[in-house]
Engineer: 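Got a structure here, written out as structure tokens. Questions coming.
The sequence lines fix the lettering, A, B, ..., with proteins before strands; numbering per chain opens at 1. Remember, predicted model here, so these are calculated numbers, not experimental data.
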Protein chains: 2
Amino acid sequence: MVQDSIRILQAQGYKVTKPRRQVLEILEEAQESLAPYDIQRLLRRQGKHLNHVTIYRILELFCRLNLAHRVLSSGGFVRCSLGKREGCHRFVVCRQCGAIQEFADKGLCQEEDRFAESRGFHTESHLSESSGLCSDCYRKQVKQNFIG
Amino acid sequence: MVQDSIRILQAQGYKVTKPRRQVLEILEEAQESLAPYDIQRLLRRQGKHLNHVTIYRILELFCRLNLAHRVLSSGGFVRCSLGKREGCHRFVVCRQCGAIQEFADKGLCQEEDRFAESRGFHTESHLSESSGLCSDCYRKQVKQNFIG
DNA sequence: AGCTTAAATGCAACAGTGTTGCAATTAGGG
DNA sequence: CCCTAATTGCAACACTGTTGCATTTAAGCT
């Protein structure tokens, strides 16, 4: 919820400005990840004009406060739905519709750690992005194949 | 080995040109991932001049043939050391020296699949990048802390 | 409500990254 | 050695991301 994020901003002594509220809202609405200029375009369609520099700075702040995550495979940003859970970002991204879900799975993280450490590597954070089809798109595709 | 990659190029009917050989060699030497313009800069220092457009196209081809992988967290490319193993790219990246190792772990991939599928998501490919310290940098840091 | 001021935004200008179309070059087969 | 399709280089461009500085604004104060 946007309200939660606003509370976090305030609690940390950051101002709740119109641009920040707008970026929060657009990220909240989106099902997919949004790159900085995507956000600018979407807002412009709603008659809201933000300078791209502002958007970059807001996204940087949001990531620092764990209100958003950067999804590397797309270059876009998503709202962080899991609260502060530093160092473990696990996403599944639908290659069809772009839908993104964020998950936490401590077991998988621990196994990744063990895996890396067995090779002398000291893990500090994980990034895991799986690509595939969400249940909706999968169903549609199966139907398609059946018809075709 | 560069020779292996050259054989693959030939086998698929692609020409073995000077630029392609040079990019293969620079990726082979590198311990870290190299972005397109990094490659151009490094080659220039060796007196070899490649147009950046050429480098982009070569990297695109190499990724298609699984001779290289794009490392998303750095935006750079590494030589693919594992042959064709579509859909599972597991890297550990040292945040200190940039060293990259690529691994395969079928067990982890299967668990990721199970994990996603338990949420109705049909996985096709994985990307996993762990960040931390390689054994060398970890040792150095421990020493540092001991002195300091 | 109207001040005040540090924080945040906007602006301008720039640097880096990535793309496209087309002309010139080159690898590799005959 | 020639031929030709494949590849590279070039020019021009579009997009992305950054920096310094002037302007605006949120929020605490009276």
Engineer: Which donor-acceptor pairs under 3.5 Å do side chains of residues 40-49 of chain B form with protein atoms, sequence neighbours excluded?
Structural biologist:
unit_1   : atom_1 : unit_2   : atom_2 : d
Gln40(B) : NE2    : Leu50(B) : O      : 2.8
Arg41(B) : NH2    : Asp38(B) : OD1    : 3.2
Gln46(B) : OE1    : Lys48(B) : NZ     : 2.8

Engineer: Identify, residue by residue, the members of residues 25-37 of chain B with a heavy atom below 4.0 Å from DNA chain D, and return them in order of residue number, or none.
Structural biologist: none

Engineer: Taking atom types as modelled, is there a side-chain donor on Ser131(B) or Glu124(A) under 3.5 Å from an acceptor on the other?
Structural biologist: no

Engineer: Please determine whether a side-chain nitrogen or oxygen atom of Arg70(A) lies at a distance below 4.0 Å from atom OP1 or OP2 of dG17(D).
Structural biologist: yes

Engineer: At how many degrees, to 10°, do the end axes of the helix from dA1(C)-dT30(D) to dG30(C)-dC1(D) meet when each uses five pairs?
Structural biologist: 30°

Engineer: Restricting to side chain to side chain donor-acceptor pair (under 3.5 Å), what partner residues turn up for Arg119(A), sequence neighbours left out?
Structural biologist: none

Engineer: Going by side chain to side chain donor-acceptor pair (under 3.5 Å), name the residues that satisfy it together with Arg7(B), two or more places apart in sequence or in a different chain.
Structural biologist: Asp4(B)

Engineer: Under 4.0 Å from a heavy atom of chain A: give me the 5'-most and 3'-most nucleotides of DNA chain C that qualify.
Structural biologist: dA6(C) to dA12(C)

Engineer: State which residues pass side chain to side chain donor-acceptor pair (under 3.5 Å) with Ser74(A); sequence neighbours excluded, sorted by chain then number.
Structural biologist: Ser33(A)

Engineer: For Arg139(A), enumerate each residue passing the side chain to side chain donor-acceptor pair (under 3.5 Å) test, keeping only those at least two apart in sequence or located in another chain.
Structural biologist: Asp136(A)

Engineer: Please list residues of residues 47-60 of chain B whose heavy atoms come under 4.0 Å from any atom in DNA chain C, ordered by number; otherwise none.
Structural biologist: His52(B), Val53(B), Tyr56(B), Arg57(B)

Engineer: Which atom pairs, one a donor and one an acceptor, fall under 3.5 Å between side chains of residues 16-28 of chain B and the rest of the protein, sequence neighbours left out?
Structural biologist:
unit_1   : atom_1 : unit_2   : atom_2 : d
Thr17(B) : OG1    : Arg20(B) : N      : 3.4
Arg20(B) : NH1    : Lys15(B) : O      : 2.8
Glu28(B) : OE1    : Arg79(B) : NE     : 2.4

Engineer: Quick one: side-chain contact (heavy atoms from CB on, under 4.5 Å) partners of Gln31(B), sequence neighbours excluded?
Structural biologist: none

Engineer: Compute the ring centroids of Phe77(B) and His69(B), then answer whether they are less than 6.0 Å apart.
Structural biologist: no

Engineer: Quick one: salt bridge (Lys or Arg N to Asp or Glu O under 4.0 Å) pairs with a partner in residues 50-60 of chain A, sequence neighbours left out?
Structural biologist: Glu60(A)-Arg64(A)

